[in-house]
Asker: 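My structure is below; once you've seen it, I'll send some questions.
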Number of protein chains: 4
Amino acid sequence: MAKIAPRTRLTREDSQKLTRARLLEAARELFIDRGYGGTSLRDIAAAAGYSQGAFYSNFPSKEALLLELLKEHMSFKMTQLRGLLDTAANAAELMTAIDDWASGINDLADWSILAVELRLHANRSAEFAEAYAPMEAAHRADLAKLLALLFERCGKQHPDNCDVLAEGLIALTDGMALNREGGRAPPVGPAIVSLLRTLISAAPSTN
Amino acid sequence: MAKIAPRTRLTREDSQKLTRARLLEAARELFIDRGYGGTSLRDIAAAAGYSQGAFYSNFPSKEALLLELLKEHMSFKMTQLRGLLDTAANAAELMTAIDDWASGINDLADWSILAVELRLHANRSAEFAEAYAPMEAAHRADLAKLLALLFERCGKQHPDNCDVLAEGLIALTDGMALNREGGRAPPVGPAIVSLLRTLISAAPSTN
Amino acid sequence: MAKIAPRTRLTREDSQKLTRARLLEAARELFIDRGYGGTSLRDIAAAAGYSQGAFYSNFPSKEALLLELLKEHMSFKMTQLRGLLDTAANAAELMTAIDDWASGINDLADWSILAVELRLHANRSAEFAEAYAPMEAAHRADLAKLLALLFERCGKQHPDNCDVLAEGLIALTDGMALNREGGRAPPVGPAIVSLLRTLISAAPSTN
Amino acid sequence: MAKIAPRTRLTREDSQKLTRARLLEAARELFIDRGYGGTSLRDIAAAAGYSQGAFYSNFPSKEALLLELLKEHMSFKMTQLRGLLDTAANAAELMTAIDDWASGINDLADWSILAVELRLHANRSAEFAEAYAPMEAAHRADLAKLLALLFERCGKQHPDNCDVLAEGLIALTDGMALNREGGRAPPVGPAIVSLLRTLISAAPSTN
DNA sequence: TATGAATGAGTATTCATTCAT
DNA sequence: AATGAATGAATACTCATTCAT
């Protein structure tokens, strides 16, 4: 507000980044809580502490914000997976890493409910789908790779088509996230780990 | 009042039932296509070939219509399950019946995408949740019973908590239904049958 | 309901009269409670225990019902006034009669609130005003006559224009009736009697 | 922010004030003409030359607008009364001031018909009544004070309860305002003055 | 960059009235 | 005479977006 600010804490650019970040975070929370359609720009702007105009200085439209959120979301998931792939040297280590991942993700259900919103919107907006599809595909491929590696490290033959398995796991995650009867976050992580264990144990050994 | 109405195709009662049915069907299609929030009463009434007022002669509110759809949906699923439970005498027969069910259900994905809408709405509207929760619970219990029977008939010990397994299968179904990239209906049935086969084969035998 | 009713309690005509009467009474109560615009035909019909259709078998429109109510209302007031004029032979008797009238009319405020609704509607609907104006004028003239008589019997000169005084008393009645803060019926009757007493005492005696 | 805006006729703030004022004025006229219930937001916005949305940028609801009008109305009346109380030093002066007030107020009837709408709405909406009641009470108290002063200045004993008299005068004003047969504004002012004169003359002198 | 008043199209819902039964 | 499903126009209010400031 002061006009003289010789050593401004925030450069103009940083300040804008902050605005963007706050808007994105506010939007994410509201979308999870009320859905994309149920959330108004007014609400988002107000929750972030800005005016509606500030929104349009940072995003060209409501859908553009959702797209940005999609990118964040996918990049978050990717980072998680890549982390698992890179750090785990052997079967035991990998399984432990997966266990840790599974128990540490209370957020997973929230993320997944957002994922459902994203998917629903992709099903309905062709334009959005165009951006959504490749990211989704890339993520699925990454997950498939991880699964193949996991079976392998456990000395088991991985299923012919890990891609389908990956798709199933994602579906399961999303589907479970929907199940938040009154209370909060269903145990998505443990369920997935338990399923994986069973599948691995049922798979034929690498001869 | 007379039961013979020689020159009238539809009695008044029948005519109203027809209106209701058309509105319900139109709404179902639109909800699947555009979501609950994305579908307007205008659209529903127009798609059914009536005025908006006609809607309110048949349903007290938009949410009441969704609730009606929910009842239909649940009753449809129940009927399917009960049918499987009743007609299948032994493991082979049951498995065949399930196979048939799995391949014959192109509709399943459509129903499921509606199910997702219902669940999302239940998560957000406490009033709706009140009606939704018990139906959902009943359906899950039924599915759990079927699963226990299935393992048993196959000479295997069923998992301690078939309820959780049932929940997982429903989640998988719903999650997969979301995955309709541009095209149509993902192969939900086969995926479920395949998963079940694996789980049964991995289970320890009885005695 | 029985098809054979040799000595039917109600002839068809009587039955219709009953329907009319019930609709009128229900409407009157609702108009007082919620106003003309705030009351729907559905509500009226339901309150009377009939369908909306029954309404239109008895009245051509909502406004026609209001007009009927107006007639009832005016005729009620007229009867009251005529009664006072006819039964009271001398000043004391007349004053007592007026006192009785004033204390016995808890309903007056309700009637008056309806009167306000009628007037408001007359101000806004030319068609309605056409029926309203002459009745109102007749009633005012009657009241003026009563007032003149009252002053006379008390041995006082009545004001030059009793018509204006009558108008004022009606206005006062209506205005007071509006004043029903939370609770119920304001003391309209006593206020009017008290005002009348003052006016009479202030008037010059008949020489 | 600068106070000099050479090439802009209206600052933003002023422009909004203008919008508000136009909406208020349009609403006032329409409410008087058609009543609160009979006036739609569409009509108000159109009459003021704005969109319906503009209405909601300035008022949170239709009722809030009515409340604003109520405040204006009450403050208008208060100012009038306070003016009379302050400027008039003796009986003659006060009476003259009241005469002037009475003859100069063609608007009074319009205001009063709005007052009737306000009262009716207060009778029916508890929430509105909460805001209405205290203003009304304050106004009545002010009027009562004026009346007491008036009697006093005229060397007369004022009635025990000037509050009731004030209530009656307000009722008379409101009631008369309703009486606008086809034409316009009834002579509310003169009627009140004439009544006051009579009451004062009938009152006993101060010892 | 950020503001927020204003827009115009849209929302669910209500209502007086009609009409086939 | 009475029913109540259906109509079509209206209602208060919301929303993503625009634009002058």
Side-chain angles (χ1 to χ4, degrees), chain A residues 12-13 15-16 19-20 37-45 50-63 65, chain B residues 1-2 5 8 10-13 15-20 37-45 49-63 65, chain C residues 12-13 15-16 18-20 37-46 50-63 65, chain D residues 1-2 5 8 10-13 15-20 37-45 49-63 65:
Chain A
R12 230 171 258 238
E13 204 180 335
S15 156
Q16 192 177 0
T19 307
R20 268 184 76 90
T39 303
S40 75
L41 283 188
R42 241 187 177 78
D43 293 342
I44 295 172
Y50 294 93
S51 68
Q52 296 180 72
F55 182 97
Y56 283 94
S57 294
N58 283 277
F59 303 95
S61 72
K62 193 186 177 190
E63 196 173 66
L65 200 192
Chain B
M1 295 207 172
T8 311
L10 269 63
T11 67
R12 236 211 289 178
E13 200 181 340
S15 157
Q16 190 183 359
K17 268 186 190 163
L18 184 60
T19 306
R20 263 186 81 89
T39 302
S40 74
L41 282 184
R42 240 191 186 62
D43 293 343
I44 296 173
Y50 293 93
S51 67
Q52 292 186 66
F55 181 97
Y56 285 94
S57 289
N58 283 277
F59 303 95
S61 72
K62 192 187 175 190
E63 196 170 68
L65 190 249
Chain C
R12 229 171 258 237
E13 205 179 331
S15 156
Q16 193 177 357
L18 183 61
T19 306
R20 266 184 77 89
T39 303
S40 75
L41 283 188
R42 242 189 176 78
D43 293 342
I44 296 173
Y50 294 92
S51 67
Q52 297 180 72
F55 182 96
Y56 283 94
S57 294
N58 283 277
F59 304 94
S61 72
K62 193 187 176 189
E63 196 171 65
L65 199 202
Chain D
M1 296 210 169
T8 311
L10 270 62
T11 67
R12 241 217 279 185
E13 201 180 337
S15 157
Q16 191 183 356
K17 268 185 191 164
L18 184 60
T19 306
R20 264 186 80 90
T39 303
S40 73
L41 282 184
R42 240 190 185 61
D43 293 343
I44 295 173
Y50 294 93
S51 66
Q52 291 186 65
F55 181 97
Y56 285 96
S57 290
N58 283 278
F59 303 96
S61 72
K62 192 188 176 190
E63 196 171 70
L65 191 247

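So you know, we letter chains A, B, ... as the sequences are listed, proteins then strands, and number each from 1.
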Asker: Among F:dC13, F:dA6, E:dA6, find the nucleotide with the atom closest to the side chain of D:Gln16.
Answerer: E:dA6
Asker: Quick one: C:Phe55 CZ to E:dC15 P, roughly how many Å, whole number?
Answerer: 14 Å
Asker: Closer to the 5' end of DNA chain F via nearest nucleotide, is it A:Arg42 or D:Gly38?
Answerer: D:Gly38
Asker: Rounded to whole angstroms, how far apart are CG on D:Leu41 and P on F:dA9?
Answerer: 21 Å
Asker: Could you state the atom-to-atom distance from CD1 of D:Ile44 to P of F:dA10 in whole Å?
Answerer: 16 Å
Asker: Considering heavy-atom distances to DNA chain E, does D:Gly53 or B:Gly37 have its closest nucleotide positioned more toward the 5' end?
Answerer: D:Gly53
Asker: Find the distance C:Asp43:CG to E:dT14:P and express it as a whole number of Å.
Answerer: 11 Å
Asker: Can you see which heavy atom on D:Tyr50 is nearest to which on D:Ala54, and at what distance?
Answerer: CB-CB, 3.7 Å
Asker: Using a heavy-atom cut-off of under 4.0 Å over every strand shown, decide if C:Tyr56 touches base, sugar-phosphate, or nothing.
Answerer: base
Asker: Please check the phosphate of F:dT3 (OP1 and OP2 only) for any side-chain N or O of C:Ser51 closer than 4.0 Å.
Answerer: yes
Asker: What pair of heavy atoms forms the shortest contact from A:Ser51 to A:Ala45, and how long is it?
Answerer: O-CB, 3.4 Å
Asker: Counting only side-chain N and O atoms of B:Ser40, is one of them less than 4.0 Å from OP1 or OP2 of E:dT11?
Answerer: yes
Asker: Does E:dA6 have a Watson-Crick or wobble mate here (both distances under 3.5 Å), and if so which one?
Answerer: F:dT17
Asker: Should B:Thr19 be listed as having a side-chain N or O under 4.0 Å from OP1 or OP2 of F:dA6?
Answerer: yes
Asker: If I compare all heavy atoms of C:Phe59 with all of C:Leu65, which pair ends up nearest, and what's the gap?
Answerer: CD2-CA, 4.0 Å
Asker: CD of C:Gln52 versus C1' of E:dC19: gap in Å, rounded?
Answerer: 13 Å
Asker: Which residue lies toward the 5' end of DNA chain F, D:Thr39 or C:Tyr50, if each is placed at its nearest nucleotide?
Answerer: C:Tyr50
Asker: Could you give the NZ-to-P distance, from C:Lys62 to F:dA9, as a whole number of Å?
Answerer: 19 Å
Asker: Nearest 0.5 Å please: distance from the CZ atom of C:Arg42 over to the CD atom of C:Gln52.
Answerer: 4.5 Å
Asker: Using a cut-off of less than 4.0 Å, is there contact between a side-chain N or O of D:Asn58 and OP1 or OP2 of E:dA6?
Answerer: yes
Asker: Between atom CG in C:Leu65 and atom C1' in E:dT17, what is the gap in whole Å?
Answerer: 14 Å
Asker: Considering all heavy atoms of both residues, which atom of A:Thr39 and which atom of A:Lys62 are nearest to each other, and what is their separation?
Answerer: O-NZ, 2.9 Å
